[in-house]
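In the text below, chain A, chain B and the rest are named by the order of the sequence lines, each starting its count at 1. Source: prediction; values computed, not measured.
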Protein chains: 2
Amino acid sequence: MARAATTSDVFNAIAEPQRRDILLLLRAGERPATSIAEELGLSQPGASKHLRVLREVGLVHDRRDGRQRVYRLDARGLEPVHEWAGGFERFWNESFDRLDAYVQDLEQKRSAE
Amino acid sequence: MARAATTSDVFNAIAEPQRRDILLLLRAGERPATSIAEELGLSQPGASKHLRVLREVGLVHDRRDGRQRVYRLDARGLEPVHEWAGGFERFWNESFDRLDAYVQDLEQKRSAE
DNA sequence: TGAATATATACCCATATGGGAAATTATTGC
DNA sequence: GCAATAATTTCCCATATGGGTATATATTCA
């Protein structure tokens, strides 16, 4: 099975660093595919494949402009990711737990030697 | 190459739904591995493998307690994810862009028929 | 020491992945 | 229609993945 289809899962779509780069780039405004590939140093087919994945999960929309295909960010799909991670906020802020885990880690490692 | 190693990338680690489930479960408190597997209906080796990935990216810590290995959440690694997604917040709130994209999509589809 | 419990690893498998190269499909403008 | 441009799709490949099953490695307790 390998992994949930990239196509249907935003978490999977953003697991690939170059796709995250594309999204960041598109915050500056819409861009034709070639421009994206050039800016990020991707091969043209490579960029096209990543764009397809992003399109299929709805993170970008495309529009034809003459011979070019212009991609535009649609960040709405990232809101669930933000919310999901935000659900852990109080945990990464709990300095007690942090210290606790750290100390336990030390003990663990010391006793393992 | 397939994809950046799950081991080194939090985004990749949380791309797998069952690993996200494990993290959610651990918000309620630390738990031994078997308990995690049972609660989520995972096979024992399956849970163990997912826990290993989470451990390697630092999202969980483990501690031995007798024969059991107790896992505890360390959510600090999720903060960058939250921040990254949060960087798109103003985009998913821009209703103008949203409508614009939607209209362009409609036009696109109509002219394609 | 030896049986039982709790986990982690190793191994094998089917499949999804990303990358490169080549072929294919629009679309424009002559 | 035809050449040129822009992009997608198709193949092929090496590899990473998740899932089982079997095995190995602690650790406790009798």
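- Computed from coordinates, the A/H50 NE2 to D/dT9 C1' distance equals 15 Å when rounded to whole Å.
- Residue pairs meeting the ring-ring contact (aromatic ring centres under 6.0 Å, His included) criterion with at least one member in residues 18-40 of chain B: none, sequence neighbours excluded.
- Atoms CD (A/E16) and P (D/dT15) sit 17 Å apart, rounded to a whole Å.
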Polar atoms only, N or O, under 3.5 Å: list the protein pairs with nucleotides 22-25 of chain D and their distances.
none

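- The separation between A/R63 atom CZ and C/dT27 atom P is 14 Å, rounded to whole Å.
- Annotation: ring-ring contact (aromatic ring centres under 6.0 Å, His included) contacts involving residues 8-35 of chain A, sequence neighbours excluded, comprise A/F11-A/W84.
- Applying the ring-ring contact (aromatic ring centres under 6.0 Å, His included) rule to pairs touching residues 63-82 of chain A yields A/H82-B/H82, A/H82-B/W92, sequence neighbours excluded.
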Return a table of donor-acceptor pairs under 3.5 angstrom between the side chains of residues 40-50 of chain B and protein atoms on other chains or two or more places apart.
unit_1	atom_1	unit_2	atom_2	d
B/S43	OG	B/G46	N	3.0
B/H50	ND1	B/R19	NH1	3.2
B/H50	NE2	B/Q18	OE1	3.2

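- Between A/R31 atom CZ and D/dA6 atom P the separation is 15 Å, expressed in whole Å.
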Can you give me the N/O atom pairs linking the protein to nucleotides 27-30 of chain D at distances under 3.5 Å, or say none if there are none?
unit_1	atom_1	unit_2	atom_2	d
D/dT27	OP1	B/R64	NE	3.0

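- Side-chain atoms of A/R52 lie closest to D/dT9 of the nucleotides D/dA6, C/dA6, D/dT9.
- Considering only residues two or more places apart in sequence or on other chains, A/E39 meets the side-chain contact (heavy atoms from CB on, under 4.5 Å) condition with A/L25, A/R31.
- Among residues two or more places apart in sequence or in another chain, the side chain to side chain donor-acceptor pair (under 3.5 Å) test is passed with A/R67 by none.
- In this model, the phosphate group of D/dA6 is not approached by any side-chain N or O of A/Y71 to a distance below 4.0 Å at OP1 or OP2.
- Between A/E56 atom CD and C/dA16 atom C1' the separation is 14 Å, expressed in whole Å.
- Nearest to the side-chain atoms of A/K49 among the listed nucleotides C/dG20, C/dG18, C/dA8 stands C/dG20.
- In this structure, CG on B/L54 lies 11.5 Å from CG on B/D74, to the nearest 0.5 angstrom.
- What you find for B/V57 and B/A13 is that their closest heavy atoms are CG2-CB, 3.8 Å.
- Candidate nucleotides C/dA8, D/dT9, C/dG18 were compared by shortest atom distance to the side chain of A/R19, and C/dG18 ranks first.
- With sequence neighbours left out, the side chain to side chain donor-acceptor pair (under 3.5 Å) criterion links B/R27 to no other residue.
- Remark on DNA chain C: of its neighbouring residues B/S48 and A/L42, the 5'-side contact belongs to B/S48, judged by nearest-heavy-atom nucleotide.
- Atom CG of B/L51 is separated from atom P of D/dG19 by 12 Å (rounded to the nearest Å).
- Distances were taken from every side-chain heavy atom of A/Q18 (C-beta onward) to each of D/dG19, C/dT9, C/dG18; the shortest belongs to C/dG18.
- Atom CD of A/Q68 and atom P of D/dA4 are 19 Å apart (whole Å).
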